[in-house]
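Sequence positions, counted from 1, serve as the residue numbers for this chain.
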Amino acid sequence: MDPKILRKETITSALITDVWTVWTTNEGVTSFLAPKANINLEDNGPYEIIFDPEAPLGFRGTEGCKILGLEQMKTLSVEWKAPPQFPNVRRQKTRVDFYFERVEALTKVRIEHSGWQWGEEWDEAYEFFDHAWDLDLARMQQRFASGPIDWSKPYVPAWLGHRATPIRDHVPVETR
């Protein structure tokens, strides 16, 4: 196994069609992943996730990223950008592959984030995404449990609130 591929997975009781929809449509993505999105579900279509709509153009999220491939209800492959605090990594896109699988009455979502290079900033970005994907999958679960995320006070799982610094610098982590 290549240690520079970040792998995450979760299982949800949501229908696979619903899980596919939340990752592949503007309405779906904005219900759990980010406040804005620009997605056109076709090869080379945009897959732009806007984590910080108030940031200057080019620093809002994955602007300029595209869909690399898809197989309906099974896989989605996209380009991805690191957040602005990792400028050297951000200049070079990585790749995220999403896999969707029905397992009995459940749906498994697996993420493989690849394209990592070596170096201190790359290692820091890898660590960032190691936690960020956990947050994103937790928010997906929360979205199916209680509805779309309210971006004025986004859901942060209790286990994440113990981190010293927020995962996404534009989303406050409340510690109680």
Could you please spell out the steps behind the salt bridge (Lys or Arg N to Asp or Glu O under 4.0 Å) verdict for R90 and E121?
-> CA-CA 10 Å; R90 185 171 174 79; E121 187 175 310; over 6 Å; no
Should the pair [X] and [Y] be assigned to parallel (<30°), tilted (30 to 60°) or perpendicular (>60°) ring geometry?
X	Y	result
H113	W116	tilted
W133	W23	tilted
W80	Y47	tilted

Would [X] and [Y] pass as an ion pair if we require N to O under 4.0 Å?
X	Y	value
R143	D18	no
K93	E79	yes
E9	R7	no

Has K108 got its NZ or CZ under 6.0 Å from the middle of the six-membered ring of Y99, at an angle within 45 degrees of the ring axis?
-> no
To the nearest 0.5 Å, what is the distance between CD (E101) and NZ (K74)?
-> 10.0 Å
Would S31 and E27 satisfy side chain to side chain donor-acceptor pair (under 3.5 Å), going step by step from the backbone distance to the final call?
-> CA-CA 6 Å; S31 75; E27 183 178 82; over 6 Å; no
Polar side chain donor-acceptor pair, Q141 to T10, under 3.5 angstrom | yes
Do R95 and S114 have side-chain N/O donor and acceptor atoms under 3.5 Å apart?
-> no
Salt bridge (Lys or Arg N to Asp or Glu O under 4.0 Å) between K8 and D136, worked out | CA-CA 10 Å; K8 298 288 179 177; D136 297 335; over 6 Å; no
When you look at I39 and V29, which way does the side chain to side chain contact (heavy atoms under 4.5 Å, CB included) test go after all the steps?
-> CA-CA 9 Å; I39 298 170; V29 164; 3.4 Å; yes
Donor-acceptor pair, R60 side chain versus A55 backbone, under 3.5 Å?
-> yes
